[in-house]
Every structure is written in structure tokens, then in C-alpha cells.
Novice: 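Before we start, here is the structure in question, set down as C-alpha cells.
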Amino acid sequence: MRGSSAAQAGAIVFETGVEFAVWSRDAAQIELCLFEDDGNREFARLPMARDSNHIHRLFVDGLKAGARYGYRADGIYAPDNGLWYDPSKLLIDPYAKEIDRPFRYDPRLGIYGEDSQDLMPKAIVTADIPALVSKPLFNPGGFIYEVAVRPFTILHPDVPEAERGTVAALAHPSVIAHLKRIGVDAVELMPITAWIDERHLPPLGLTNGWGYNPVAFMALDPRLVPGGMTELRETVAALHAEGIAVILDLVFNHTGESDRYGATLSLRGLDNLHYYRHAQNWPGELINDTGTGNTLACDHPEVRRLVIDSLRHFVLNAGVDGFRFDLAPVLGRTATGFERDGGTLAAILADDVLADRIMIAEPWDIGPGGYQLGNFPASFLEWNDRVRDDLRCYWRGDDWKTGALATALAGSSDIFSRNDGRQTRSVNFLAAHDGFTLIDLVSYAGKHNDANGEHNRDGHNENHSWNNGVEGETLYPTIRKRRRDDVMALLSTLFATRGSIMLTAGDEGGRSQHGNNNAYCQDNEITWLDWNALDGNLIAHTAFVAELRRRFTVFSETGFLSGNGDVEWISLSGEPMTVAEWETPSLSTLGMLLSTEDRSAGGRQTRLAVLFNRSGSRQFFTLPSRGEPGWRQLTPEGAQKAGKSAAVEPRSVAFFVEN
């Protein structure tokens, strides 16, 4: 018997058939197109009826889950007025939960009057599955591991060939064993929802391998998740069984329909004027706060509804623990600028399903007032690019960076104490999918993006990087050792910071992109992780510092280090840092003395010394002692008793615990 679905959109399955619902204010008519099971032959085209809320509805008796469908919208075609109605275009349902094939870019997708039926995926009607009830596993202060699904396992020797490059591969015992060895608390999956290539890529023979160009916000991309929601749900469950949380990186700032020369795929054809943001005095001009040609109008009630429903979909149907939002200021944008407590951000945090999930903002876009680090609501974590740059500059040897290092280690209170903040919300990282890999950071002084087909004009120009004497790959053993030492020092520094930390997959083993700092279009060996080529010494070091982070409670706490009994900053003499030392431009050493509980000793209160030496020679710290037996140095090989002074090797970070 048919039920009521007044509050729902998409395709809703009932006992006697399927109801379809899609929102559009300005369409004169929307038609439902039904296709045979192969998704190729259309067998019915049915007009839908508009209700008072501009939702177009139709109930199809006898239809079942598995049916293929799409929409066509008719109305005024006047791009200069923001109207793009073209009934020749087959449109994907914004609420589609599954599609039958990936999107493929074709110029005809953007030409008025060219029928796109044969070019478009078809949405698949899916039946509801029992909702999951779960508590998020990840807590602020943990270790996030950023994963591009396909590059991560496409070359993994233990994963069955049929699963390589898919979400299912993340549940393979060998993959999970690696995640556990290096102490991962949560995997953050780069976009796995359906996307399309940017139009300039196919002529270059390139494809988008990262997925930051979405079309359907709920439908999983068949290239990465061929088993659909069942595959994602089972992989999340397998990771949860090992204590590893799953965070999805989602893109709600733009779509792959791009600028006015782009394709008509879904929202543009349904109601371009209201789904996207437009210039105030010219509705034909799309606002480009994203650098990709269009910007979602996230303050519009229907866009807000779509965002919230998408997030709920992944929590209830897959049990994911949280979300990272690409170019997140767009979620808080209105016609007048970014609003910290704006409607969509507030609605996310107030939703009963989403309220306890981990929310992470990339706190910048390229629009006016787009840099909003520290300005998101109190429960959001935020990517902290200032920590990224300050840690890079410190180890590069830049002057005046000692204070910046200490601020980053202490939780960036200069940023996150705004709005009466008492806790750090920082996600500290050294490298992410954008930019150099960690080994490239210490191997290349400049970017090398010629393979991207844009004459090396794309990607960031200032990477705060250094090459240790030779640009790029080298066989010189001394330079290779310097680079490995620098990566170890950077990893040690990252894992010693207060806040959540993030590492991009492969950086723990020296993965290189050969100097390419914008490799989104390289779905090939440039980005694929070669598991057999990973540096075992770097992996062992990552595992070591991750274990220290778990062992000592000070690293998982999120209050700012204040100097009131929780931390002392010391010089080589073991005495507190003086003002003159803080203001020494080229100072190359710093000691951080932390009060902490030691979980490996039953929670015993102790002190941990983290000693930094960015100079080219061994340095000796005097550690303040409260009597015998003094201090022990912690190393991957075990604890070693320290003498009267603590030696710190060149370009390294050393850890000492008080007995």
C-alpha cells in the first residue's frame, strides 16, 4: 500500500510501486524517463505533477527497486537570465543513491538541443536498508590517515586483482595490518561519490583521479565502489572491528557542471537559478568562489536539505564516523559573506543523526573573505595550513620560526581561542593531497607539473620546500640520507603537536610524485602507491612516533598547553627559554618538557622531553632532573639510559622520559 512521502525526495519504494520526487521552482514541466535494465533503451516518458512546494511528483504502480531512471526538464532556455532548461538533456536525480555507470565527459553534454540520453548514467531505484545505530569511534586528538582509494591499493600485491583500487580493498587483512602498524585512528577517504572529468582533461588524455568534481552527492562512483552501499557498509564495519573510524571527504561547494560552458547533468538542468549562486545584478553570471566555475547556494533551503540528507544517508546506511568538507566556507556563505553560525552549518550540528559525528572543515575558498581558519563553529575541527607552513619553514631553516614551532606544538591558541575557545580544534598536517608529498617536500625546491598539460602553470608556486642540494631524484647516498632524516624529523614534529594530526597515505614510506604538486589528473604511476618501493625505515619511524602519541596522554588531550604546569620550554642548558633566546632569529634548538600520564606504566604521572635540533651538528641538552635514576631516551629499538646530558643528532627530534 502506498505511504506518505511528503517530506522525502528521490525515488521512494513502496509495496505497490515507486514514488519519484524532485524539486524545481522554474521548470515548466519535468518528465520521468524509465529505462530497460541495461540502462540503454527508454520505455516510458511520464509527466510529473508539481505541488505547492515546487516538488514534482509521480507514483508509478508496479515499479520495483532496480529500475533505471532519469529526468528531463522543460522550460525557458535563456542562459543570460540563468535559465538552462533543455528537454534534450537527461538529468540525474540529485537524490540518486546509485548509478549504473560512471560519468564520462563529452562536449555534447553542454550543447543545447543535443540529446544526452546515450551519454548519461542512469539512476537506479534502491530500496531502503535497515538504518545503522552507531557511535563515532574517532575522538579529537587522534591520527587521521588521508586515503585516495584507487591509488592506495591499485598496486597492492596482497589484494585480489578484482578488488584493487576499490573501497573493498581497504578491508583486506594486509591493508588493515598496515593501518594498525602505523597507529591510524581514522581513515579519511577522498571523494568516493560520482564525479566527472573537467572538460579540459580528455583532449590531454588525462582523467580526474581524485574525485573533487561531483555530480551526484549520494551515489557512489562505480569505479571506486562497484558494490555500492553494501560494499561501503561492509568495509566500514571491517575497519570498525579493528578500532579504525571512517571519515568521508565530501564536496558541497560546486559541481562538475562547471561554468556556463560546462555540461548540463543535474542541478543546472533542474533549476540553475536556485541551486547555484549568481552575481547580484546578472543572473547569467555564476559566482566562482571555488575556482571550478560554479558555487552551490548552500543557504538555499533546498540545497541545505540536500546537504543534510546526503550526510544522514552515509551515517544511517554505512555507519561512517564523520565528514571532511572541501572548501567549507561555501557551507556558511550567504549573499553578504561567510556566517559562522549560518543556517547550513547550524543545521548540520543540530541534526539528531549528525550531532555526534566528527566534522572537519577545509577552512578556505577563493571567494571574498574566503580564509576562515579558526572561525568555524566550536565542534568543527579545521585543517590548519599555518601549522603546515610553519613546520615546513622551521625545518627548512627559516629565521624567526622558534615561536611559531612552539605555538603549533601547543595547539595554536592564537587561532582557536577566538570566540572563547578553550580547546584546540586544529588538524595538524605537513602534506595533503594538494601539494608535494612529504618526501618531495625535501627533494624539490620547485614544482614539476609538466605532465598535467598546463605548462607547469598549475599548482602552488610557494611550497616552503627544499631539495637538500640536488633537484629531484638522486643516487647520492649522503643526500638520500639527509632527505630521510628530514622526513623523520618532520614526522616526529607532527606527532608531537597538540590537536588532531593527519598524514596522507604513503607519506609514512616516502611516496613520491616526482615533484608534481597538483596530481589530481594523474590516475597512473605518478599517484599510485608502489607498496614494494616504500621505505621500511620511514614506516618503522612512523610506527614509533605513533606509539609514543598513544602511550602518553598529553598528545590526545585538546586543551591548549599554557605553561601552567603542563609544559616548560627549555634551552640547551635545561633552563627556561629566555626572551633573548626566543628572539634569536636563527636559533636551531628547542626543548619541550611535558607533564603527562604514561599509559604503559598504568597511568603513572611522569615527564616527557621532546628535543628539537634543526642544526647540522649534534647538540646536547641538560635535562632538569628530580633525582636518580634520571632520564631514558625512547627509540624504536627500546629505551636507553641517558647520561648527564641528552644528545640529539643533527636534523632530528629526540624523546626522553623521566624514570
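When a residue number appears, it is its place in the shown sequence, counting from 1.
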Novice: Just so I know, are the side chains of Ile144 and Ile501 near enough to count as touching, which here means a heavy-atom distance under 4.5 Å?
Specialist: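 No, every pair of side-chain atoms sits at 4.5 Å or beyond.
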Novice: Are there more than 12 heavy atoms of other residues, nucleotides or ligands under 6.0 Å from atom CZ of Arg599?
Specialist: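 Yes - once you tally the heavy atoms of other residues, nucleotides and ligands closer than 6.0 Å, there are more than 12.
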Novice: Taking the side chain as every heavy atom from C-beta outward, state whether Glu597 and Arg604 have any pair of such atoms under 4.5 Å apart.
Specialist: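 No, too far: nothing below the 4.5 Å cut-off.
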Novice: Can you find a pair of side-chain heavy atoms, one from Leu239 and one from Leu179, that are under 4.5 Å apart?
Specialist: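 Yes, close enough: below the 4.5 Å cut-off.
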Novice: Gln640: what forms a side chain to side chain contact (heavy atoms under 4.5 Å, CB included) with it, not counting sequence neighbours?
Specialist: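 With neighbours one apart ignored, the set is Thr635.
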Novice: Does CZ in Arg418 sit with more than 12 non-hydrogen atoms of other residues, nucleotides or ligands closer than 6.0 Å?
Specialist: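 Check passes, neighbour count above 12.
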Novice: Got a sec, which pairs hit ring-ring contact (aromatic ring centres under 6.0 Å, His included) with one end in residues 485-505, sequence neighbours left out?
Specialist: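 Matches after skipping sequence neighbours: Phe143-Phe495.
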Novice: Does NZ or CZ of Arg498 fall inside the cone over Phe560's six-membered ring, less than 6.0 Å from its centre and within 45° of the axis?
Specialist: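 No; the conditions do not both hold, so Arg498 does not lie above the ring face of Phe560.
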Novice: Using a strict 4.0 Å threshold on nitrogen-to-oxygen distance, state whether Asp351 and Arg312 make a salt bridge.
Specialist: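 Answer for the salt bridge query: yes.
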Novice: Are the side chains of Phe376 and Pro329 in touch, meaning some heavy atoms are under 4.5 Å apart?
Specialist: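 Side chain of Phe376 against side chain of Pro329, heavy atoms only: contact under 4.5 Å found.
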Novice: Under the side chain to side chain contact (heavy atoms under 4.5 Å, CB included) test, which residues partner Trp582, sequence neighbours left out?
Specialist: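 Partners of Trp582 under the side chain to side chain contact (heavy atoms under 4.5 Å, CB included) test: Thr402, Ala406, Trp569, Met577, Leu590.
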Novice: Do you know which two heavy atoms are closest between Ala186 and Ile244, and how far apart they sit?
Specialist: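 Looking at all heavy atoms of both residues, the closest pair is CA-CG2, 4.2 Å.
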